Amino acid sequence: MTRSTSSSSSTSNNRSQLSSDEDDIPLSQTALIKNQSPESSEQTSVKNETDYDSDDVLARQHKKRKLKKIKEEEDNKNAALKNSNKKRKSMKKDELKEDLKGEEEEEEEDEDNEYKWWEGQNDDDDTIKWHSLIHNGVLFPPDYNPLPAHIKLYYDGKPVDLPLDAEEVAGFYAALLETDHGKNPVFQKNFFNDFLQVLKETGGTLNNVEIKDFEKCDFSKIHAFFQLQKDQKKQLSAQERKQLRLEKEKFEEPFKFCELDGRKEQVGNFRVEPPDLFRGRGAHPKTGKLKRRVHAEDIVLNLSKNAPIPPPPEGHRWGEIRHDNTVQWLAMWRENIFNSFKYVRLAANSSLKGQSDYKKFEKARQLKSHIDAIRKDYRKNLKSKVMLERQKAVAIYLIDVFALRAGGEKSEDEADTVGCCSLRYEHVTLKPPNTVIFDFLGKDSIRFYQEVEVDKQVFKNLAIFKRPPKQPGHQLFDRLDPSILNKYLQNYMPGLTAKVFRTYNASKTMQDQLDLIPNKGSVAEKLLKYNAANRTVAILCNHQRTVTKGHALSVERANMKIKELIWQKIRLKKAILQMEPTIFEKEPKYFKEIEDLTKEEEEEIHKKIIEKENDRYRKKFVRENDKKKFENEELLEEKVLTEWLDKVNDLKLQYEKELKGGTIELKPSLNTVEKIKTQIEKLEQRIQISSIQLKDKEENSEVSLGTSKVNYIDPRLSVVFCKKYNVPIEKIFTKALRDKFKWAIESVDEEWRF
DNA sequence: AGAGTGACTTAGCAATTTACCA
DNA sequence: TGGTAAATTGCTAAGTCACTCT
């Protein structure tokens, strides 16, 4: 038996795990046999022994026992899945949709058959990442779709005919014309250089227009065309959208999953990055450069020795086929901006990623039993006679207390950002007696600005590190780099590095914050407290986000809404007094707030409401007529609108009357004091809720909670919180996060602590 | 030890989907 | 029931850190 036949048949043993396709073709064979009917491919499957790639016999035997159990379970599942596939084949398309929906729910029930790596004993050796790996390669972006003939670049007012490859690049820029990137001179320069280069490679313009000057290029027609396309896409009906989405999904299906050690697992970024202009963050010297198209020839595939090799696109061949089971990636290529690698890897919910994640948090927890010694040592070493030791001590202090990153050296052609070890003179300002102002750009050019009080000795040391001849531009920690620091840290604990401190302090902070939350109140209230704890961590880690462009406006609106609610409440209270003036003596407190609303404020609110109402009716008028026009019905007359607006005017007059102390007219149903009071209570609740939401919104506007939730906070903390406080996990983890953190959700009890 | 490489995690923003409100 | 805002996911840039080679 040859190697390749042995592989395809051995994998067919496991294909029940992979029957994601509508038809029955196992993944391993779709790669081999194209356009073959399901029936015939089914017949080609032959039973075979498990066939691992590893030449390491010991490792093989070691794993065999574990896998055997899994295989048995798979076989059980096999029968069930086959049935469901048969059922599907006999169904019509629209029935299929329903069925797919139902099946997703079934998946949850199916979980007994799933591989739960966290339930077995975990072996520490993770140099071998897999024993068998089968996948369908990568999904390439579509070929360039040329512009219509009449859409062109203009140079100095003249239309330019570009070779397709150059047109594509021009299009990349045109798409960004109105964005910050498009307006950035460095971006423009880098783009233009590469654009000219491509133009040269493709033989220049087709109508002898010589392009020399960026300023003379007019991309606006291309830009407008893209805009039009976007708008048209928006116009699509819900059904058309769904159709497109389904088609896309079907197309992607073969790439979404792979087979890892016989199990079906999700692939993360199976799509090859499309060509585009490089969008560097911050002041990036290379921003705007052309990121070139990646072809099969550029790609290295990594899979089992005897796995079928997925067919490359027609007319192409793969760059290389590799069989390296010490790495997690399925495919990789070199990009042309930095000559670095891009990888296709497994999804966050995969067993490999899950295990790394688990190990990361366990490593951080391990730090608990060393942190006291480490802190004691760095306090002592702050006074060391040896400069290197002092620098280490201060650096670890900063990393521990302010959650700084390690701060590796960066090259000239990257954005100028720093971390702890790469801090420079100008990033730290000392304000006696012991205040330090940090001001620098960190990862992603996010500003780190903090004015803080530090340990006296740390302050002294920073002053020493800044002493002449040091001046702006010089390294603060001139004896240090992350590798020296990390080597030192390993003395305390194997695997201890600077980044472990971030994980440790983030999770520790979260635990402490959660401990402070009282177990009472509504779910909404508890969630708010959870988010507040989450926010503490995000602030510690300096996780920011740019305020959305509509933020100010939306805060404004929320404020207005609250004011309006308060006004409504006061109006009702006034109405009560009009109804029964004597009631005031009984509860003066209840009516006291009426005075809080000034005439001016009330007038303002009236104005806003009237504006809003007018607006609403005008929009309604337009909308209904649009609809009638579309359905060829008779249009509403202008008169109708006038009638509506007259009604609003009546309201306006009524308010004006009220403002002068006139009778408040309420809905007929609000005819007793009791009923009005109930209404007031409802309003109060709404005011309460809206105020809390607004506060949350404002406090969160510049803080990104997601990053710490995804990367730093041990998910088991959140799971325990949910269990103890009776909060549904769905309120805290999205579907994607529940999948990613399944190991945490299923492995923890209420007593667990970080 | 120092540069260079390779593989992995962490990061914010854009695009897309869902929820919500009148 | 459509339009808007919030939530979620997708994308890929930008870090960290181990390892290799000299």
Side-chain angles (χ1 to χ4, degrees), chain A residues 126-127 129 176 179-181 230 233-234 238 241-242 245 268-274 276 278-282 284 286-287 291 300 302 324 326-329 332 334-335 337-343 345-348 352-353 356-357 359-360 405-411 414-415 417-422 441-446 481-487 489-490 495-500 502-503 506 538 541-546 548-551 553-554 557-558 561 612-613 615-616 619-620 623 626-627 693 697 700 704-708 710-712 733-737 739-740:
Chain A
D126 59 356
T127 53
K129 312 286 174 150
L176 300 174
T179 67
D180 288 347
H181 287 300
K230 259 191 212 163
K233 212 175 155 189
K234 256 186 220 160
R241 270 161 209 258
K242 196 163 192 177
R245 195 164 51 89
N269 54 333
F270 49 83
R271 204 185 300 274
V272 172
E273 290 177 21
D276 200 353
F278 171 69
R279 282 126 121 144
R281 316 243 171 100
H284 200 300
K286 292 199 173 193
T287 196
K291 193 170 80 168
V300 181
N302 189 35
D324 184 352
T326 67
V327 294
Q328 296 195 3
W329 53 268
M332 73 164 195
R334 223 181 245 287
E335 50 82 43
I337 306 285
F338 298 103
N339 207 28
S340 68
F341 291 129
K342 299 277 190 172
Y343 299 91
R345 284 156 307 153
L346 290 159
L352 272 179
K353 288 269 190 187
S356 318
D357 221 25
K359 278 181 181 147
K360 173 183 78 185
R405 296 188 182 82
E409 204 194 356
K410 295 193 73 184
S411 81
E414 296 173 275
T417 64
V418 298
C420 183
C421 293
S422 48
L441 297 182
K443 184 178 179 180
D444 292 305
S445 294
I446 294 295
D481 67 37
S483 115
I484 294 170
L485 207 58
N486 287 337
K487 272 191 195 106
L489 290 172
Q490 322 261 312
L496 183 59
T497 62
K499 85 189 266 283
V500 179
R502 268 170 82 83
T503 314
C541 295
N542 199 39
H543 291 144
Q544 302 185 16
R545 58 174 182 171
T546 51
T548 50
K549 60 172 186 274
H551 177 72
L553 193 71
S554 116
R557 266 202 289 255
K561 189 177 140 198
K612 235 166 45 183
E613 284 294 286
D615 222 47
R616 196 164 67 92
K619 274 188 183 151
K620 185 178 168 182
R623 194 173 59 228
D626 275 353
K627 204 167 134 193
Q693 280 174 345
K697 183 182 198 154
N700 265 344
S704 166
L705 302 189
T707 307
S708 50
V710 170
N711 298 301
Y712 287 102
F733 288 155
T734 63
K735 175 80 169 70
L737 279 189
D739 285 344
K740 167 171 172 160

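Since the model is a prediction, treat every value here as computed from it, not as a measurement. The basis for the numbers below is simple: all heavy atoms, side chains too, and nothing from hydrogens, waters or symmetry mates.
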**Message:** Pick the closest DNA chain B nucleotide for R279(A) and for D444(A) by heavy atoms, then say which residue is nearer the 5' end.
**Reply:** D444(A)

**Message:** Quick check on DNA chain B: between N542(A) and K233(A), whose nearest nucleotide comes earlier from the 5' end?
**Reply:**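 Counting from the 5' end, the first nearest nucleotide belongs to N542(A).
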
Is [X] touching bases, backbone alone, or none of the nucleic acid, heavy atoms closer than 4.0 Å?
X	value
G706(A)	nothing
A415(A)	nothing
G407(A)	sugar-phosphate

Under the side-chain contact (heavy atoms from CB on, under 4.5 Å) test, which residues partner [X], sequence neighbours left out?
X	answer
S356(A)	Q328(A)
T546(A)	none
T497(A)	N486(A), Q490(A), K499(A), V500(A)
A538(A)	H543(A), V703(A), L705(A), S708(A)

**Item:** Spatial distance of atom OH (Y712(A)) from atom OG1 (T503(A)) [nearest 0.5 Å]
**Value:**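 These two atoms lie 6.0 Å from each other.
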
**Prompt:** Could you state the interatomic distance from SG (C421(A)) to CD1 (I484(A)), rounded to the nearest 0.5 Å?
**Reply:**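 If I round to the nearest 0.5 Å, the distance is 8.0 Å.
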
Provide, to the nearest angstrom, the distance between the [atom1] atom belonging to [X] and the [atom2] atom belonging to [N].
X	N	atom1	atom2	answer
H543(A)	dC13(B)	NE2	P	12 Å
K230(A)	dT16(B)	NZ	C1'	13 Å
E335(A)	dT12(C)	CD	C1'	11 Å
L496(A)	dC17(C)	CG	C1'	13 Å
D276(A)	dT12(C)	CG	C1'	11 Å
Q544(A)	dT10(B)	CD	C1'	15 Å
R502(A)	dT10(B)	CZ	C1'	8 Å
L485(A)	dA1(B)	CG	P	16 Å

Flag side-chain contact, heavy atom, 4.5 Å: [X] against [Y]:
X	Y	result
D481(A)	E409(A)	no
R502(A)	C541(A)	yes
L352(A)	K129(A)	yes

What N/O pairs connect the protein and nucleotides 5-8 of chain B at under 3.5 Å? Give each pair on its own line.
from	atom 1	to	atom 2	distance (Å)
dG6(B)	OP2	R334(A)	NH2	2.9
dA7(B)	OP2	Y343(A)	OH	2.9
dA7(B)	O5'	Y343(A)	OH	3.4
dC8(B)	OP1	Q328(A)	N	3.4
dC8(B)	OP2	Q328(A)	N	3.0

**Message:** Ignoring hydrogens and geometry beyond distance, is the side chain of K443(A) in donor-acceptor contact with the base of dT10(B) at under 3.5 Å?
**Reply:** yes

**Under the ring-ring contact (aromatic ring centres under 6.0 Å, His included) test, residues paired with F278(A) that sit two or more places apart** =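 H284(A), F338(A).
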
**Asked** Of all the choices, dG15(C), dT16(B), dA14(C), which nucleotide is nearest to the side chain of R405(A) once you look at every atom?
**Response** dG15(C)

**Request:** From the options dT12(C), dT10(B), dA18(C), select the nucleotide whose nearest atom is closest to the side chain of K342(A).
**Result:** dT12(C)

**Message:** Checking R334(A) now: which residues fulfil side-chain hydrogen bond (donor to acceptor under 3.5 Å, both in side chains) with it, not counting sequence neighbours?
**Reply:** none

**Item:** Set of residues satisfying salt bridge (Lys or Arg N to Asp or Glu O under 4.0 Å) with respect to E273(A), sequence neighbours excluded
**Value:**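 With neighbours one apart ignored, the set is K291(A), K342(A).
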
**Request:** Not counting sequence neighbours, which residues clear salt bridge (Lys or Arg N to Asp or Glu O under 4.0 Å) with R545(A)? List them please.
**Result:**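 If we apply the salt bridge (Lys or Arg N to Asp or Glu O under 4.0 Å) test to R545(A), skipping adjacent residues, there are no hits.
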
**Donor-acceptor pair between E335(A) and S340(A) side chains, under 3.5 angstrom** = yes

**Prompt:** Going by atom types only, do K410(A) and S422(A) share a side-chain donor-acceptor pair under 3.5 Å?
**Reply:**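 No pair is found: no donor N or O on one side chain lies under 3.5 Å from an acceptor on the other.
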
Has [X] got a side-chain N or O lying under 4.0 Å from the OP1 or OP2 atom of [N]?
X	N	answer
T497(A)	dC17(C)	yes
K291(A)	dA13(C)	yes
K410(A)	dG15(C)	yes
Q490(A)	dA18(C)	yes
S483(A)	dA1(B)	no
H284(A)	dA13(C)	no
T546(A)	dC13(B)	yes
K499(A)	dT10(B)	yes

So which protein N/O to nucleotides 19-22 of chain C N/O distances come out below 3.5 Å?
none

Polar atom pairs (N or O), protein with nucleotides 7-11 of chain C, under 3.5 Å:
from	atom 1	to	atom 2	distance (Å)
dT9(C)	OP1	A736(A)	N	3.4
dT9(C)	OP2	T734(A)	OG1	2.7
dC11(C)	OP1	R271(A)	NE	3.4

**Fill in**
Expected string for nucleotides 17-22 of chain B under the B/S/- scheme (protein heavy atoms, under 4.0 Å, primed atoms plus P, OP1, OP2 as sugar-phosphate) is S----S

**Request:** May I ask you to say whether K353(A) pairs ionically with D357(A), meaning some side-chain N is under 4.0 Å from a carboxylate O?
**Result:** no

